[in-house]
Amino acid sequence: MKHLAALIAAAALVVVAPTPATAGRACAGYVGLTFDDGPTPGNTTALLDALQRARLRATMFNTGQNVEANPALAKAQVAAGMWLGNHSWDHPFMTQLPEAEQAAQISRTQEVIRQVTGVTPDLFRPPYLDTDDALRAVEKRFGLTEINTDVDAKDWDNASVEQIVEAVGRLRDGDVILLHDWPPNTVAAIPQIATTLREHGLCPGRISAVTGRAVAPHTRALTGVHTVGRVDDRGTGVRYTWPGVYFEGRFRGTSVGIVLDDAVNDYEVQIDGLTPVTLVTPGRTTHWIRDLRPGVHTVRLAKRTESPWTPGQFGGFAGDLLGKPAARSRQIEFIGDSWTAGYGNTSTSRDCSATGIDRNSNADQTFGALTARALGADYQLNAWSGMGMVRNYDGGNPDVDYRTYYDRILQAADTAAWERPASWKPQTVVIGLGINDFSTPVHAGERWPDEAALAADFRAAYLDFLKKLRQRYGHRAQFVLTYPSMWNTTALADSVQQVVAQRTAEGDRRITALHYDNAALGLDLLGCDWHPSARDHQLLAGALTAHLKSLGR
């Protein structure tokens with residue numbers, strides 16, 4: 001009967017997000033109220049009722065087993081306007097578990113919360129605040145940001161109502177406080193918590209998955225930001241993996257902040273179109289650019305490096321932001337491999353073993369980015385080094401190829417498909433696939449007995465891929481199939497020309513081939529591992545730009 005009563009009470013909760021406790025007054029800052037260990041019968045309903053009466057919103061760090069046992073209460077949390085976080089499956093000391101068990105604790109909880117509530121958490125709090133770098137790496141695999149605490153109310157240790165309220169009084173803008181779902185004193189303290197926050201001019205906020213700090217509940221990373229890249233928009237932050245994703249904004253004043261959480265990628269930051277500055281694996285930070293001249297400025301952030309397995313996160317620009325820059329009227333999509341991604345293009349030596357590929361790669365200075373800027377176009381670089389149309393470099397990873405990942409929003413980091421916005425309608429699609437298919441000989445044990453069989457499979461796959469793209473982008477989109485000179489074979493050149501010929505014979509009048517003639521262009525291939533150098537990318541951009549201009553719009 002108690003369980004039934006709890007369900008009835010949960011269902012009776014008002015399905016409206018509470019207004020802030022400081023309604024009618026300006027917020028001097030935002031704090032994150034968090035409650036661990038729920039949902040639990042007899043506790044969660046009373047807590048939610050108290051929070052709603054006090055007009056407070058909070059983040060509930062739930063355990064998976066409690067969500068599974070009490071699905072109606074988890075739904076009630078969402079209905080009451082609360083946010084949900086992952087608190088493991090059954091509250092173990094996570095650092096004492098092997099990696100596989102850590103992943104299971106997290107993934108099972110993610111899945112049950114998603115199935116029950118429709119919410120996919122982006123925050124994780126380790127039980128007992130027990131954590132280390134290895135655990136954080138596992139959390140990242142699931143797109144989770146770890147949230148510890150700035151203030152511990154000690155309600156788990158029988159803190160009195162007065163002690164809990166005193167802890168709330170220590171909060172400052174952006175801080176997060178640790179509370180729990182189950183202590184009676186915590187529920188009793190809620191009205192005084194609301195009063196204390198109001199006295200300090202603080203409002204309950206949402207915790208940003210990018211910064212780990214509390215922000216205004218309706219803060220969105222892309223407010224005032226222009227981007228056409230494939231991004232997973234999670235409100236306070238967006239995630240992405242494809243190279244060359246860029247964000248543009250406008251601001252007034254002498255400074256601007258760039259909110260990032262990315263310990264893997266490098267970025268180019270450009271103010272007013274001047275010489276860019278490189279951020280090397282910035283981590284979780286708000287990077288400020290200061291001492292600019294007073295007035296209105298533009299800011300551009302571009303991802304330089306590849307990270308197919310690890311998303312970066314952008315939390316928006318900070319400062320006196322103005323309306324977002326206008327989208328460009330022209331759009332170009334670049335599809336390809338390491339040439340398109342800019343693998344090692346800033347190196348002056350083919351041997352990058354000492355410095356690494358990432359430090360020598362810049363997707364923002366590839367032929368695709370340069371061509372798009374020359375034509376005043378927005379663009380995507382949907383590229384992945386080593387991937388081919390049907391065969392990857394040297395026959396590696398035979399169960400997948402580029403087409404396996406093309407439709408995904410986060411490449412190998414997530415299987416979710418990119419939901420293409422209606423605004424993305426490229427007039428031109430430039431495809432550069434095939435180098436990896438043919439640059440090394442077919443080995444014994446691969447599924448092709450010889451190069452001729454590989455080429456036949458390549459052509460068939462290319463035709464299917466083009467058919468899909470044509471259905472997606474319409475008959476007016478211009479397709480350009482590019483290929484370089486190859487020292488070991490003409491199979492790529494022959495195959496691309498045959499594909500174009502067949503499509504043309506079938507009535508497709510907006511498809512062409514472009515040969516990047518290494519000798520005629522004077523490519524030095526001084527990038528890492530014999531890839532195009534920065535100078536080469538300028539030459540390639542010149543050839544491609546001229547070709548596109550000859551085709552018109």
Side-chain angles (χ1 to χ4, degrees), residues 2-4 6-7 9-10 32-48 51 58-80 82-149 152-159 176-187 207 209 212 414:
K2 287 184 178 180
H3 182 60
L4 177 61
L7 294 181
L33 304 177
T34 68
F35 295 86
D36 287 9
D37 301 347
T40 51
N43 301 314
T44 298
T45 300
L47 175 61
L48 293 178
L51 289 170
T59 300
M60 315 308 246
F61 282 101
N62 291 332
T63 62
Q65 66 177 5
N66 281 349
V67 172
E68 183 179 63
N70 306 285
L73 293 180
K75 292 176 183 177
Q77 291 173 328
V78 176
M82 308 303 155
W83 301 287
L84 303 186
N86 186 321
H87 195 42
S88 80
W89 182 260
D90 57 10
H91 212 277
F93 283 95
M94 293 287 285
T95 62
Q96 297 178 14
L97 301 179
E99 180 182 335
E101 291 186 28
Q102 291 176 341
Q105 285 277 335
I106 291 171
S107 63
R108 288 182 69 194
T109 305
Q110 286 290 92
E111 183 61 17
V112 74
I113 292 176
R114 184 193 65 78
Q115 288 182 349
V116 168
T117 69
V119 174
T120 301
D122 53 14
L123 306 178
F124 177 79
R125 171 168 284 152
Y128 312 105
L129 306 182
D130 170 46
T131 190
D132 58 22
D133 288 342
L135 175 60
R136 280 186 283 268
V138 175
E139 296 161 9
K140 283 290 185 183
R141 282 167 32 199
F142 295 93
L144 292 166
T145 297
E146 185 178 284
I147 304 300
N148 260 292
T149 188
D152 182 353
K154 300 283 182 77
D155 58 344
W156 53 270
D157 194 27
N158 297 314
V176 173
I177 186 169
L178 171 63
L179 297 154
H180 290 78
D181 170 273
W182 46 269
N185 284 347
T186 301
V187 176
I207 301 172
D414 197 314

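For the single chain, residues carry numbers from 1 onward in sequence order. All figures in this text were calculated on a predicted structure; none of them were measured in a lab.
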Item checked: side-chain contact (heavy atoms from CB on, under 4.5 Å), paired with V112, selected from V67, N86, T117, T63 -> V67

Checklist line | E146: partners by salt bridge (charged side-chain N to carboxylate O under 4.0 Å, His left out), with sequence neighbours left out | finding: R136

Check: Can you name the salt bridge (charged side-chain N to carboxylate O under 4.0 Å, His left out) partners of D181, sequence neighbours left out?
Finding: none

Pairwise side-chain contact, [X] with [Y], heavy-atom cut-off 4.5 Å (strictly under):
| X | Y | value |
| --- | --- | --- |
| P183 | W156 | no |
| F124 | I106 | yes |
| E99 | R141 | yes |
| T145 | D122 | no |
| I113 | T120 | no |
| L84 | V78 | yes |
| N185 | D155 | no |
| P126 | S88 | no |

Looking at every non-hydrogen atom in both residues, tell me the closest pair between [X] and [Y] and how far apart they are.
| X | Y | result |
| --- | --- | --- |
| T40 | N43 | OG1-ND2, 3.0 Å |
| A159 | A153 | CB-O, 3.5 Å |
| A74 | P39 | N-CG, 4.0 Å |
| D90 | Q65 | CB-OE1, 3.4 Å |
| N70 | P41 | OD1-CG, 3.1 Å |
| F142 | S107 | CE2-CB, 3.4 Å |

Next item on the list: Might you work through the side chain to side chain contact (heavy atoms under 4.5 Å, CB included) test for L144 and Q110, ending with a clear yes or no?
Entry: CA-CA 10 Å; L144 292 166; Q110 286 290 92; 3.7 Å; yes

Checklist line | All side chain to side chain contact (heavy atoms under 4.5 Å, CB included) counterparts of D37, not counting sequence neighbours | finding: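 For D37 the side chain to side chain contact (heavy atoms under 4.5 Å, CB included) partners, ignoring immediate neighbours, are H87, H91, H180, W182.
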
In Å and rounded to the nearest 0.5 Å, what is the [atom1] to [atom2] distance from [X] to [Y]?
| X | Y | atom1 | atom2 | result |
| --- | --- | --- | --- | --- |
| T34 | L178 | OG1 | CG | 5.5 Å |
| I147 | L123 | CD1 | CG | 5.0 Å |
| T95 | D133 | OG1 | CG | 12.0 Å |

Notebook entry, point to check: Would you find a donor on one side and an acceptor on the other, under 3.5 Å apart, between the side chain of D132 and the backbone of L135?
Noted result: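 Such a contact is found between D132 side chain and L135 backbone.
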
Margin query: Tell me if a side-chain donor or acceptor on D130 pairs with a main-chain N or O of M94 at a distance below 3.5 Å.
Written below: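 Yes; at least one donor-acceptor contact below 3.5 Å.
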
Note to self: What I want to find out is whether R114 reaches E111 closely enough, with some N-O distance under 4.0 Å, to be called a salt bridge.
What the structure shows: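 Salt bridge between R114 and E111, a charged N being under 4.0 Å from a carboxylate O: yes.
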
Margin query: Taking E139 first and then R125, would you say they form a salt bridge - that is, a charged N and a carboxylate O separated by under 4.0 Å?
Written below: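 The answer is no: the pair does not qualify as a salt bridge.
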
Check: Would F35 and L51 satisfy side chain to side chain contact (heavy atoms under 4.5 Å, CB included), going step by step from the backbone distance to the final call?
Finding: CA-CA 11 Å; F35 295 86; L51 289 170; 4.2 Å; yes

Checklist line | With Q77, the side-chain hydrogen bond (donor to acceptor under 3.5 Å, both in side chains) member among T44, T59, N62 | finding: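 With Q77 as partner, T44, T59, N62 yield a single side-chain hydrogen bond (donor to acceptor under 3.5 Å, both in side chains), made by N62.
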
Item checked: From CA spacing to verdict: side chain to side chain contact (heavy atoms under 4.5 Å, CB included), M60, L47 -> CA-CA 11 Å; M60 315 308 246; L47 175 61; 3.8 Å; yes

Checklist line | Full working for side chain to side chain contact (heavy atoms under 4.5 Å, CB included) between T149 and L129 | finding: CA-CA 8 Å; T149 188; L129 306 182; 3.8 Å; yes

